[in-house]
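Worksheet for the structure shown next.
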Amino acid sequence: MKTMRVFCVLMLWSGFGFSQNPELAFELNVNTVGKPYLRISILPQLNPGQTMDANSPVDYTFKLDKGGVDYFGGDVQLSMAVSRKSIDLDMHDVSKQKLLGLSTASSDFTIVFNRPLTIKTTQGDYEYSVAEISELSKGKITFTEDQVEQYTVSRGGEFSFINNNFEMFYVPAAESDTDEGELGVKFAYRNAYKGVEIFSGTAYFMAEGQVSTNPKDSLNYLSIYPVSYSNLDLEKTTEWLITAGLEGNQDLSSYRGAINLAKNMLLPNLIDLSYGYDRLRLKPVLQAGLKAYAEGDNRRRNTDGSEQQNEKSAMVFANLYYLVPIYHSFTAIVEGQLFYDFNTTINTDKELKNYYKLTMGYDVPNTEFKAFFSYQNGERTISPSKDELMSIGLLALFGN
């Protein structure tokens with residue numbers, strides 16, 4: 001009988017001595033309500049009726065490690081919260097480039113805390129070392145293509161890449177109007193005024209343009225809209241846009257004040273050239289609108305060489321922007337514009353005018369840039385003449 005008691009005590013001691021921490025599951029979600037963010041939830045597989053202490057301290061820091069390097073490098077706002085069922089790690093303001101990396105299947109991503117993680121529950125505490133969390137999370141941090149699209153749409157979606165991009169280009173001497181090599185930049189920029197919301201929409205500063213070392217190139221232009229307003233529908237697939245400001249050629253020898261009312265719409269994404277590679281496929285954006293303007297100065301000449309008087313007019317226009325990922329690292333971008341000016345002094349032939357640009361880019365590894373070749377042809381709404389341009393350079397696309 002005495003021997004049996006010793007055996008039972010040993011069994012009881014052994015059970016406590018070799019008890020293991022609960023297994024950890026990892027769940028990835030995208031929040032699209034309010035300010036969007038990505039969430040990694042750590043879910044301890046607890047016993048029935050066992051819950052976590054939601055008041056547990058969250059004075060931890062963490063990072064996503066990839067190959068021994070902090071993946072975000074301090075560019076992303078990170079936060080941590082504890083509920084009765086999960087430990088939630090949130091990531092705000094994730095860039096397009098980093099977002100694409102998180103959607104690519106990889107076993108390199110791991111979660112690294114600054115100290116051992118203690119999980120407090122109603123039935124006792126459990127502690128996981130930094131190395132344990134890193135090993136348990138390995139290969140579990142991959143967001144799906146649908147989740148990437150949800151996050152992209154919630155931050156302005158396809159519209160954000162149209163309104164935020166930058167390229168540096170070079171025109172070889174053989175293609176230049178001046179018979180010399182030309183350098184230039186093309187940009188689009190939109191940034192919301194903080195705290196300014198009107199009728200559930202957002203007020204913005206907007207600017208776009210193309211300038212080069214050849215200021216007389218008729219494809220060059222500048223548009224600055226200090227007063228802009230955007231209103232997205234609930235699904236963020238349609239955007240009403242009002243812009244007001246100054247438009248002109250590069251040296252502003254021709255300029256006008258303009259107000260634009262436009263609607264941005266997403267079209268079905270009918271082309272898939274990614275061939276199985278995990279690439280973010282943005283839907284084509286069609287913009288249709290009406291422009292009213294009053295000229296401040298122009299470069300038009302009458303047949304006798306005298307300068308034409310300034311005009312007030314209106315025009316209708318339609319723009320298309322379509323980004324097509326190709327295989328693993330190539331990207332094609334198609335841009336086009338049709339417009340019709342109702343003023344017969346400006347549009348003497350009463351013609352529907354057009355402009356288009358075709359770009360082929362290759363992703364530069366470990367950067368936001370694409371090396372590209374592009375071809376432009378047509379005329380701008382501000383320009384009285386048609387031209388074409390071939391260039392090479394670097395292009396960066398930025399989400400909001």
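From a predicted model like this one, the values you see are computed outputs, not experimental measurements.
Counting heavy-atom neighbours within 6.0 Å of His92 NE2, excluding the residue itself, gives a total above 12. Under a cut-off of 6.0 angstrom, the local environment of OH in Tyr362 is sparse, with at most 12 non-hydrogen atoms contributed by other residues, nucleotides or ligands. Applying the 6.0 Å contact sphere to CZ of Arg301 captures more than 12 heavy atoms from other residues, nucleotides or ligands.
Distance check, rounded to the nearest 0.5 Å: CZ of Phe373 to OG of Ser391 gives 7.5 Å. Rounded to the nearest 0.5 Å, atoms NZ (Lys63) and CG (Leu78) are 11.5 Å apart. The distance from the CG atom of Leu136 to the CZ atom of Phe26 is 5.5 Å, given to the nearest 0.5 Å. To the nearest 0.5 Å, atoms CE (Met168) and CZ (Phe369) are separated by 4.5 Å. Going from atom CG of Leu219 over to atom OH of Tyr355 covers 6.0 Å, rounded to the nearest 0.5 Å. Between the CD atom in Glu335 and the CD atom in Gln376 there is a gap of 8.0 Å [rounded to 0.5 Å].
Under a 3.5 Å cut-off, the side chain of Gln147 and the backbone N or O of Leu28 do form a donor-acceptor pair. Asp90 places no side-chain N or O within donor-acceptor distance of the main-chain N or O of Arg39, the cut-off being under 3.5 Å. Although no hydrogens or angles enter the test, the distance criterion places no donor-acceptor pair under 3.5 Å between the side chain of Asn264 and the main chain of Glu239. Formation of a donor-acceptor pair under 3.5 Å by the Thr213 side chain with backbone atoms of Leu183 is found in this model. Of the possible polar contacts, none joining the Thr331 side chain to the Gly361 backbone as a donor-acceptor pair under 3.5 Å is found. Between the Asn47 side chain and the Gly49 main chain, no donor and acceptor come within less than 3.5 Å of each other.
Checking Ser230 against Thr202 by side-chain atom types alone, no donor-acceptor pair falls below 3.5 Å. If you check the side chains of Asp251 and Ser253, you find a donor sitting under 3.5 Å from an acceptor. Using a 3.5 Å distance cut-off with no hydrogens or angles, the side chains of Tyr356 and Asn354 do not pair a donor with an acceptor. For the residue pair Asp125 and Thr118, no side-chain donor N or O sits within less than 3.5 Å of a side-chain acceptor on the partner.
Under the side chain to side chain contact (heavy atoms under 4.5 Å, CB included) test applied with Tyr293, the options Ile259, Thr381, Asn260, Asp341 reduce to a single match, Asp341.
Side chains of Ile40 and Met91 form a contact here, defined as non-hydrogen atoms less than 4.5 Å apart. Between Val94 and Phe72 the shortest side-chain heavy-atom distance falls below 4.5 Å. Taking the side chain as every heavy atom from C-beta outward, Phe113 and Leu89 approach each other to under 4.5 Å. No side-chain heavy atom of Val82 sits less than 4.5 Å from a side-chain heavy atom of Asp53. A heavy-atom distance below 4.5 Å is not found between the side chains of Tyr322 and Ile333. Asp70 is not listed as a side-chain neighbour of Leu64, based on a closest heavy-atom distance of 4.5 Å or more. Using a 4.5 Å cut-off on side-chain heavy atoms (C-beta onward), Leu266 and Phe159 make contact. Inter-residue side-chain proximity for Gln287 and Tyr321 is flagged as unmet; no heavy-atom pair is nearer than 4.5 Å.
No continuous path of ILVMFWY side-chain contacts below 4.5 Å connects Leu270 to Val324, so the two sit in separate hydrophobic clusters. Note: the hydrophobic cluster containing Val334 does not contain Leu267 (ILVMFWY, side chain heavy atoms under 4.5 Å, direct or indirect links). Hydrophobic clustering, with ILVMFWY side chains joined whenever heavy atoms are under 4.5 angstrom apart, groups Phe62 together with Leu38. Leu24 and Leu43 fall into different hydrophobic clusters, defined by Ile, Leu, Val, Met, Phe, Trp and Tyr side-chain heavy atoms under 4.5 Å apart, directly or through other members. In this structure, Leu241 is not a member of the same hydrophobic cluster as Leu338, with clusters built from ILVMFWY side-chain heavy atoms closer than 4.5 Å.
A search for side-chain hydrogen bond (donor to acceptor under 3.5 Å, both in side chains) contacts involving Asn191 returns Tyr189, not counting sequence neighbours. Residues passing the side-chain hydrogen bond (donor to acceptor under 3.5 Å, both in side chains) test with Gln337 are Asn319, sequence neighbours excluded. Annotation: ring-ring contact (aromatic ring centres under 6.0 Å, His included) contacts of Phe342 (sequence neighbours excluded): Tyr340. Listed by chain and number, the residues in a side-chain hydrogen bond (donor to acceptor under 3.5 Å, both in side chains) with Ser134 are Thr110 (sequence neighbours excluded).
Think of Ile382 as one node in a network of Ile, Leu, Val, Met, Phe, Trp and Tyr side chains linked at under 4.5 Å; its network also takes in Tyr221. Residue Val130 belongs to a hydrophobic cluster whose other members are Val112, with links defined by side-chain heavy atoms closer than 4.5 Å.
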With side chain to side chain donor-acceptor pair (under 3.5 Å) as the criterion, how do Ser212 and Asn220 come out once you've worked through the C-alpha distance, each side chain's angles and the decisive distance to 0.1 Å?
CA-CA 7 Å; Ser212 73; Asn220 291 351; 2.9 Å; yes
Could you please spell out the steps behind the side chain to side chain donor-acceptor pair (under 3.5 Å) verdict for Ser41 and Asp88?
CA-CA 4 Å; Ser41 294; Asp88 299 321; 2.7 Å; yes
Residue pair Glu27, Asn29: steps toward the side chain to side chain donor-acceptor pair (under 3.5 Å) verdict:
CA-CA 7 Å; Glu27 183 177 279; Asn29 291 292; 3.0 Å; yes
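Ion pairing of Lys386 with Glu351 is absent here, as no side-chain N (NZ or NE/NH1/NH2) approaches a carboxylate O to less than 4.0 Å. Using a 4.0 Å cut-off between charged side-chain N and carboxylate O, Arg256 and Glu247 make a salt bridge. One finds a salt bridge joining Glu295 and Arg300 here, because a Lys/Arg side-chain nitrogen approaches an Asp/Glu carboxylate oxygen to under 4.0 Å. Between Arg115 and Asp59, at least one side-chain N (NZ, or NE/NH1/NH2) sits under 4.0 Å from a carboxylate O, which counts as a salt bridge.
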